[in-house]
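Some notes on the structure that comes next.
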Amino acid sequence: MSACTPTRHDDPHRKEHSHEPHSPPSPRPRGPRLTGTDVSASIAVFLIALPLSLGIALATGAPLQAGLVAAAVGGVVVGRLGGAPLQVSGPAAGLTVVTAELIQRYGWRTTCAITVLAGLAQLGLGLLRVARTALAVSPAIVHGMLAGIGVTIAVAQLHIVLGGTPHSSVLLNLRDLPAQLARVQTAALSVSALTLCLLLAWPRLPGRAGRLLRVVPAPLVAVTGATTSAALLGFGLPKVDLPSWSSHALAGFPEGPALGLIAAVLTITLVCSVQSLLGAVAVDKMVAARPALSGRVRRADLDRELLGQGAANVVSGTLGGLPVAGVAVRSTANVNAGAVSRNSTMLHGVLVVIAALLMVPILELIPLASLAALVMAVGIQMVSLHHIRTVTRHREVLVYAVTTVGVVFLGVLEGVALGIGMAVAVALHRLTRTRITHHEKEGVHHVHVRGQLTFLAVPRLSRTLHLVPQGAHAVVELDGSFMDHAAYESLQDWQSTQTAHGGTVELVGRRTGVRIGEPTGPAGLHPDGGTTAPDSSGCRCHPWTPWRNHQCAIPESGGPAQRNDAETTTARAPEDTEHTEPSGLTAKSDALGAPGTPGTPGATVEAPAPPSSPRAPDATTPTANQLARGISAFQRNTAPLVRSELARLAREGQQPSQLFLTCADSRLVTSMITSSGPGDLFVVRNVGNLVPPPGEESGDDSVAAAIEYAVDVLRVRSITVCGHSGCGAMQALLAADQDTAQTPLRRWLRYGAPSVARMADGSRPAARLAGRAAADTVEQLCLTNVIQQLEHLRAHDSVSRALRAGELELELHGMYFHVGEAQAYLLSEVHEGEVFDHVGVADLTA
């Protein structure tokens, strides 16, 4: 049973729930109750969805009511059946080009039938549980598709903004753009310009008044302002025309060539599914990044989300609505507004239905030029500079560019197909492109292989290896992650020939210390495909193995005969060997020499334990070399990655936002448990994470000086006191003997005496861990100590002054890290409560 699982005996405040004998238990609620945050979020999403739905319908050439139908169905049906509770679905800008092409080619009623068939296809895919497969599509293709659609939308809507009528082709729109600029309508351009200005300026309103006004969504403000201005100025512009619902066109029997209809159904299915599933993943990340939640939100079930999207498209197409997909703008607004359940999404759909029935006279006042400007802005935003930088950094800009250009000039399906083909070509190019270089330095021949070693690279590898003279010393660095059998055979044959002529070969992996073979002897790649053991100065460990208290080399616990025997035994069983730690304990090693890896199959060979008498470390012992190896690994692997950031910090100085005060325990890696990097934390560590209270005679000023410097000079906004499980200082406090000599450690631990007194005070509630009582007295003292040290912290002049002034918005936090569970807990209420709550995985990684 997990230590975090509360039991009936752990919680003295547990309430017993009972019911009368022979009476049924009280029914449990079937779903989450409607909360105030869900209501406010639904209103915010509704105010955004209403103008966007009309604008997207206008851009596709569909009846304007079709956008309202899709928004209502997306909210109610997907909100109830979908697997992403906070994702909002409706008519999406990403489907504008596809839908417009279908309407031009097949007509509106057949387009509705295609939407129904696409929904059925999505239901089939959902039942087959293949939703995760859609995530295999390269993000560069998805971003390129959206960018191409955005360009197409922006160019088409620009004609309406200028007072004209767009064509169905991007090339025609671009060709007629100069003529349209020559006959621009001032009224339409003025209304569109006002819409764009309000849309851009509203989220940037400064001050407290701006924060209050920004509660109203910018799209609603932009359209309302433009509509009001057009009415006051008497502009005679085309406006929204919503025909009677009695004449609303529903889906009809699909008419057209079978292959064309199948291609259309596949296109709608692909675009809707990929956009919705990627949106669901993005919503999960946004939910995880929220600072606090009034209720837990479950992660998206992608197969259920695909089923919900399919059902919504069936209903929307049947009722004469646009295709439905998850939409980013409304989903972002829903999450940021604090929604906690699917009720917000469903309620927004209900509000759209009410507006479509009761607000028709108001909606018909909106100028089409204002809606066109709104949709044009959405199209421009779909060409994301962040996405371009991301694909450039990952060397996929060619895939992105080909997909974008293909969507703009050929169509969505054709552009995506071109993008997939380019992605496959790039992947094959990377797989087959291997750089092999050779140079000589100080009599040693270095061969560097960068990339994957496949049979295609064997001719170049062979030519380069034969540049090394026979009998010379060679170092071959394999900077890749894959080697097939042909490359292995070629490398092995060359190595055997080289060593037969008296030469030496050293095979080195890409990470510092990862060696394949003896650096000074002929044994390298073993005939059975394994590798010989490293020498006593080598290290063949994964980057994470230093966390396992490992030692990379076999300690010299005996004479040469003993060491040779151990090395020979290791060579015979390369897949599973054991080497002895300095403490005499044995640790298993995997094929790369990673100690501590459980469950590795194979024979187990135990090297003799070192002698009990201590021996001074020399240059060949792990103790002497471990620091140098770590520094060398940093200089080679990590320093190139962080050098630019550290150079910036060196120029600008440190500007941390948090003071992190924790224990000096070696198991607490602050950067790991807080996901922080250089310049993020100002860290103070001491035995027991103690904060000496100010004003004591012969007190310790080092912690007080760090607090003063952090608050008054660095102006940190947060101070965290972090304790941990199994703290040796807390154990020493519990076992303290008054007669023990007052050593420096004993004198320091006197600052923890108030924590012991606080724990013994029966009038105070005991500190609890995620709703359960502490596992033992040591854990109880560890939790209590965090609370007590926070009180000491508040007594310091710098902290108390900052808390009273309120200028820094300084916050104090208590934290507890359970080492054995790798679980972090935060003190829920520093001033009143004494309960440490869970910090979930999403909270730590956000």
Can you tell me how far apart [atom1] ([X]) and [atom2] ([Y]) are? Round to the nearest 0.5 Å.
X	Y	atom1	atom2	result
T227	F235	OG1	CZ	12.5 Å
L220	L374	CG	CG	10.5 Å
Q87	T332	CD	OG1	10.0 Å
R450	T437	CZ	OG1	7.5 Å
Q122	I268	CD	CD1	9.5 Å
I114	R109	CD1	CZ	13.5 Å

Derivation of the side-chain contact (heavy atoms from CB on, under 4.5 Å) call for S42 and T345
CA-CA 6 Å; S42 67; T345 305; over 6 Å; no
Are side-chain heavy atoms of [X] and [Y] found at a separation under 4.5 Å?
X	Y	value
V449	T434	yes
V78	Q309	yes
V391	V399	no
L52	V378	yes
L363	L50	yes
L95	L322	no
L371	T195	no
T403	H143	no

Would you say [X]'s side chain and [Y]'s backbone share a donor-acceptor pair under 3.5 angstrom?
X	Y	value
S316	A312	no
R460	I436	no
W202	C197	no
N173	P166	no
E364	V240	no
N313	V324	yes
R304	G82	yes
R204	L200	yes

Does a donor on one side chain and an acceptor on the other come within less than 3.5 Å for T60 and T96?
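No, T96 and T60 have no side-chain donor paired with an acceptor closer than 3.5 Å.
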How about S344 and N334: does a side-chain donor come under 3.5 Å of a side-chain acceptor?
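The answer is yes; a qualifying pair exists.
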So, for [X] and [Y], which heavy atoms are closest and what is the spacing to 0.1 Å?
X	Y	answer
S370	V223	OG-CA, 3.7 Å
P217	I48	CB-CG1, 3.3 Å
E255	Y106	O-CD2, 3.7 Å
V352	A71	CG1-CB, 4.0 Å
V353	A72	CG2-CB, 3.4 Å
T269	A121	OG1-CB, 3.7 Å

Give a yes or no on this: more than 12 heavy atoms of other residues, nucleotides or ligands lie within 6.0 Å of atom CZ of R648.
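Yes, because the 6.0 Å sphere around CZ of R648 holds more than 12 heavy atoms from other groups.
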Please say whether more than 12 non-hydrogen atoms of neighbouring residues, nucleotides or ligands are located less than 6.0 Å from CG in L259.
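Not more than 12 within 6.0 Å, no.
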Step by step, would you call H348 with V88 a side-chain contact (heavy atoms from CB on, under 4.5 Å)?
CA-CA 9 Å; H348 122 270; V88 181; 3.5 Å; yes
For a side-chain contact (heavy atoms from CB on, under 4.5 Å) check, start with the C-alpha distance between H159 and L177, then their side-chain angles and the critical distance, and finish with the verdict.
CA-CA 7 Å; H159 282 269; L177 190 56; 4.2 Å; yes
Audit row: L158, M376, side-chain contact (heavy atoms from CB on, under 4.5 Å) steps and yes/no
CA-CA 7 Å; L158 182 58; M376 184 179 72; 4.0 Å; yes
